Amino acid sequence: MKIVIIGGVAGGATAAARLRRCNETAQIVLVERGPYISFANCGLPYHLSGAIATREQLLVTTAEHFAARYRVDVRTATEAVAIDRQRHELRLRDAAGHETVERYDRLLLSPGAEALRPPLPGLDSPRVCTLRNIPDLDRIMQRLPQTRRAVVVGGGFIGLEVAENLHERGVRTTLVEAAPQVMAALDEEMAAIVHATLRQHGVGLRLGERLERVVDDGADAIVHLSSGRRLHADLVVLAIGVRPEVTLARDAGLALGPRGGIQVDAFLRTSDADVYAVGDAIEVQQRISGQPALVPLAGPANRQARLVADNMLAADDSRRQRYRGALGTAVLKVFELGVACTGLSEAHAQAQGIACRSTITHGGSHASYYPGAQPLALKLVWDEAGRIVGAQAVGAAGADKRIDVIATAMHAGLDVRDLAELELAYAPPFGSAKDPVNVAGYVAGNVLDGSSRIVDWRTLRARLDAGDAALQLVDVRSAEEYAIGSLPGARHIALDELRQRLAELDPARPTVVFCQVGLRGYLALRILLQHGFRDAANLSGGFKTYAWACGRQDDPDIFDYEAIKRRPQAEIDVELDRA
């Protein structure tokens, strides 16, 4: 059997290695249009700062080493030009422009995705770069010695990683995002924690502003935004997203899905039975919604590649494995924060017609009495039956661990009540006797069984903005906490005084209690419910979540061109050197 693979890295190279392990006699050809068949594209941003010290560390293997170990015919700098499905032939073009025809019995498409580069004026400037591969990285690294100010356009995974690493290198950096928040996979109150961290580290943050054009005047790149603001930079990195590379598949008449990716069945087979596809270019089933989705992540691509190798060698469907879809589990480092998610956010679930609720809990990365415990915010999204729809965790330590546990629970079909029952490893340096995952399960379970009632920050803010005169808002924190700041119109009754001061409250009025993170508010709610307060609720996530979500999300930019152009260059240089 002869198998031709188009594209390397996580999809193609992994499939080629698996094919050889499973079949020593198959003829395997791996075609890659770039110079490298396997590199750590997820590590590219970390070379900008020097966290990954050398470029060579990003090269997983060379074409020569891979060919020798797996006996694969590797052809780099070779582009697949066209597929003739009737003849089972593939037309290839090498770097010199010479074309050849390669026959195949099975064809695997792993072309990946390409960085979005909208048709806006000025994006052809050499100061404007993307970061998807090693040549992209080389172009940025060549410019960095002369770069003191940078603008990163796009607040997704790559944009945030690039912004952090440029900042860590000493480049004054501004992040521009067209949406009201970074990281679309998060709900806005969880993204607000990321915004605060970016601001604290001095990264300029412009939200709700679109890139309109770039003007390269020879000395600088002037980034024009939809707000009318102009940003001054030496380097502009576009990280506004990716789209599946489907040109070859479309031209060959293969079916595309509603999201624009290559359509595949459960066996990762395209509309042609002898052509398979994996990775960023394909549409897969989102496991919670059941809807087609694009999931450009390395983990799913690797798993698809292993499975598709077996399926291409199988004699019939009875011997093939089914790909079960993707949850979209991911984690991101933003300075000291770990930002992790799995499944659907509450906003995305509701947009897809999934009726769901959520709870927000705040805990610690390990036992609070052991030194070094870090705060951890955990949001759990679930439907009325208790099925876990998704989860998000943000904290300086332990976010990845908790999301991995919840993702495993979702894979196994557990619900929120089961989270409370999970027996997780505990010792004071590593966790708590009641792990944050357990606590999230307890809180959601209490809401499901009616022993707790919650109100989210968005609903409460709407009531406050509307001037709901009937609402009783009770702050049950300490006097010291209340003095620092509270919600408008809140009455202060410390939790330990609540039973003695119940007469100050009207049990017939709607009542919302809150504390800093939600625990004392829950205790206060239990008291009220058992003393005749029929319309009472606790603020989910407490004052901490409300303050994050309702506070200012961005900062004025540190490279406002209108201000800069009026100042002497020498003065600007001194300021940048001090920074």
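Note that the structure is a prediction, hence the values are computed from the model and not measured.
One finds the CG atom of L414 at 11.0 Å from the CD1 atom of I406 (value rounded to the nearest 0.5 Å). Rounding to the nearest 0.5 Å gives a distance of 5.5 Å between CZ of F533 and CG of L502. Rounded to the nearest 0.5 angstrom, H492 NE2 and S486 OG are separated by 8.0 Å. A distance of 10.5 Å separates OG in S49 from CD in E161, rounded to the nearest 0.5 Å. Between the CG atom of L58 and the CG atom of N133 there is a distance of 11.5 Å, given to the nearest 0.5 Å. Rounding to the nearest 0.5 Å gives a distance of 8.0 Å between CG of L473 and CG of L539.
Remark: R243 engages E114 in a salt bridge, criterion side-chain N to carboxylate O under 4.0 Å. Salt bridge status for R387 with D383: present, with a side-chain N to carboxylate O gap under 4.0 Å.
Residues in residues 443-480 take part in no ring pair (Phe, Tyr, Trp, His ring centres under 6.0 Å) pair, two or more places apart or across chains. The salt bridge (charged side-chain N to carboxylate O under 4.0 Å, His left out) pairs that include a residue from residues 502-525 are E481-R520, R491-E504, R501-E504, where partners are two or more places apart or lie in different chains. Counting only residues at least two apart or on different chains, the salt bridge (charged side-chain N to carboxylate O under 4.0 Å, His left out) pairs with a member in residues 408-417 are D415-R417. Listed by first then second residue, pairs satisfying salt bridge (charged side-chain N to carboxylate O under 4.0 Å, His left out) with a partner in residues 330-350 read E164-K333, E346-K379, not counting sequence neighbours. Applying the salt bridge (charged side-chain N to carboxylate O under 4.0 Å, His left out) test to residues at least two apart or on different chains, the pairs with a partner in residues 396-408 are R402-D435.
A donor-acceptor pair is defined here as one N or O able to donate and one able to accept, closer than 3.5 Å; no such pair exists between the side chain of Q472 and the backbone of T511. Side chain of E189 to main chain of T545: no donor-acceptor pair is present (N/O by atom type, distance under 3.5 Å, no hydrogens or angles). Side-chain N or O atoms of N438 include none that pairs as donor or acceptor with a backbone N or O of K434 at under 3.5 Å. In this structure, the side chain of R132 engages the main chain of A113 through a donor-acceptor pair within 3.5 Å. Between the side chain of Q286 and the main chain of V295, no donor-acceptor pair closer than 3.5 Å is present. The closest donor-acceptor contact from the side chain of Q553 to the backbone of G551 lies under 3.5 Å. Side-chain N or O atoms of T173 include none that pairs as donor or acceptor with a backbone N or O of V203 at under 3.5 Å. No donor-acceptor pair closer than 3.5 Å links the side chain of T14 to the backbone N or O of N302.
By the 4.5 Å heavy-atom criterion applied to side chains, D475 and L487 are not counted as neighbours. V439 places a side-chain heavy atom less than 4.5 Å from the side chain of V443. Inter-residue side-chain proximity for V394 and L376 is flagged as unmet; no heavy-atom pair is nearer than 4.5 Å. Inter-residue side-chain proximity for L505 and V474 is flagged as met; some heavy-atom pair is nearer than 4.5 Å. In this structure, the side chains of V182 and L207 come closer than 4.5 Å at one or more pairs of heavy atoms. Side-chain contact between V242 and D280: absent, with no pair of heavy atoms (C-beta onward) separated by less than 4.5 Å. No side-chain heavy atom of L380 sits under 4.5 Å from any side-chain heavy atom of S358. A 4.5 Å side-chain heavy-atom check between V237 and T130 finds every atom pair outside the cut-off.
A cation-pi arrangement is found for R477 relative to F543, the charged atom lying closer than 6.0 Å to the ring centre and inside a 45° cone about the ring normal.
Listed here is the closest heavy atom pair of A377 and I193: CB-CD1, 3.8 Å. Between A340 and V331, the shortest heavy-atom contact is CB-CG2, 3.8 Å.
When the side chain to side chain donor-acceptor pair (under 3.5 Å) test is applied to D456, the partners found at least two apart in sequence or on another chain are T459. Looking at residues two or more places apart in sequence or on another chain, you find a side-chain contact (heavy atoms from CB on, under 4.5 Å) between V9 and F39, N41. Taking the ring-ring contact (aromatic ring centres under 6.0 Å, His included) definition, one finds that H366 meets it with Y370, sequence neighbours left out. Applying the salt bridge (charged side-chain N to carboxylate O under 4.0 Å, His left out) test to R458 and every residue at least two apart in sequence or in another chain returns E188. Checked against ring-ring contact (aromatic ring centres under 6.0 Å, His included), H201 has the following partners two or more places apart in sequence or in another chain: F335. Every residue was checked against the side chain to side chain donor-acceptor pair (under 3.5 Å) condition with R259, not counting sequence neighbours, and none meets it. Partners of R357 under the side-chain contact (heavy atoms from CB on, under 4.5 Å) rule, at least two apart in sequence or in another chain, are W382, E384, V447, I454.
Side-chain contact annotation: R287 with H411, donor-acceptor N/O pair under 3.5 Å present.
Counting non-hydrogen atoms of neighbouring residues, nucleotides and ligands closer than 6.0 angstrom, the CD atom of Q500 exceeds 12 such neighbours. Residue-environment remark: CZ (R306) stays at or below the threshold of 12 foreign heavy atoms within 6.0 Å.
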